[in-house]
Amino acid sequence: MTDHIPEVYTDLRGAHPEIAEALDRLGELTSATGPLDDRTVRLVKLGIAAGAQADGAVRSHARRALADGISPDELRQVALLTITTRGFPAAVAAWGWIDEVIAAEGG
């Protein structure tokens, strides 16, 4: 499941585990604060990553979404929703990254 985690990311986490732990904890806190359920939080994070054209984040959130039972079609819809806000090229990039994760996860 870690095929697409960039080495620089794992190197940084290894070099500064206290920062990595703080970042992880901040992610947990922001996800748990507010009325959104876990499923919605996962889709929102995927959408933000797609809009930012953040390859690694899109892949990571897509993998986690699949593991949480979110369907491949729902993930693809997030990519399509990117078109009107971020543009067609961003949507195509997100679609491709999401599809690669779906294929790698056997979907």
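Values below: all heavy atoms of this structure, side chains included; hydrogens, waters and symmetry mates excluded. Residue numbers start at 1 and run along the sequence shown.
Hydrophobic clustering (ILVMFWY, side-chain heavy atoms < 4.5 Å, transitive): Val58 and Leu81 are in distinct clusters.
With sequence neighbours left out, Leu12 forms a side-chain contact (heavy atoms from CB on, under 4.5 Å) with His16. Asp11 meets the side-chain contact (heavy atoms from CB on, under 4.5 Å) test with Glu7; sequence neighbours excluded. For the side-chain hydrogen bond (donor to acceptor under 3.5 Å, both in side chains) test, no residue two or more places apart in sequence or in another chain qualifies with Thr10. Contacts of Ser71 classified as side-chain contact (heavy atoms from CB on, under 4.5 Å), with partners at least two apart in sequence or in another chain: Asp73, Glu74. In this structure, the side-chain contact (heavy atoms from CB on, under 4.5 Å) partners of Leu66, at least two apart in sequence or on a different chain, are Pro72, Leu75, Val101, Ile102, Glu105. In terms of the salt bridge (Lys or Arg N to Asp or Glu O under 4.0 Å) criterion, Glu18 has no residue partners (sequence neighbours excluded). Looking at residues two or more places apart in sequence or on another chain, you find no salt bridge (Lys or Arg N to Asp or Glu O under 4.0 Å) involving Asp38.
Using a distance-only test at 3.5 Å, with no hydrogens or angles considered, a donor-acceptor pair links the side chain of Thr33 to the main chain of Leu29. Remark: side-chain polar atoms of Thr30 are paired, donor with acceptor, to backbone N or O of Gly27 under 3.5 angstrom.
Between the CZ atom of Arg13 and the CD1 atom of Ile19 there is a distance of 11.0 Å, given to the nearest 0.5 Å.
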Pairs under 3.5 angstrom only: tabulate donor-acceptor contacts from the side chains of residues 43-55 to other protein residues two or more places apart or in another chain.
| unit_1 | atom_1 | unit_2 | atom_2 | d |
| --- | --- | --- | --- | --- |
| Lys45 | NZ | Ser31 | OG | 2.7 |
| Gln53 | OE1 | Arg86 | NH2 | 3.4 |
| Asp55 | OD1 | Arg59 | NE | 2.4 |

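Checked for salt-bridge contact, Asp68 and Arg63 miss the test: no charged N lies under 4.0 Å from a carboxylate O.
Scanning both residues, Ala79 and Ile98, for their nearest heavy atoms gives CB-CD1, 4.0 Å. Considering all non-hydrogen atoms of both residues, Thr82 and Ala90 come closest at CG2-CB, 3.9 Å.
Ile83 belongs to a hydrophobic cluster with Leu80, Phe88, Val92, Trp95, counting contacts under 4.5 Å between side-chain heavy atoms of Ile, Leu, Val, Met, Phe, Trp and Tyr, direct or through other members.
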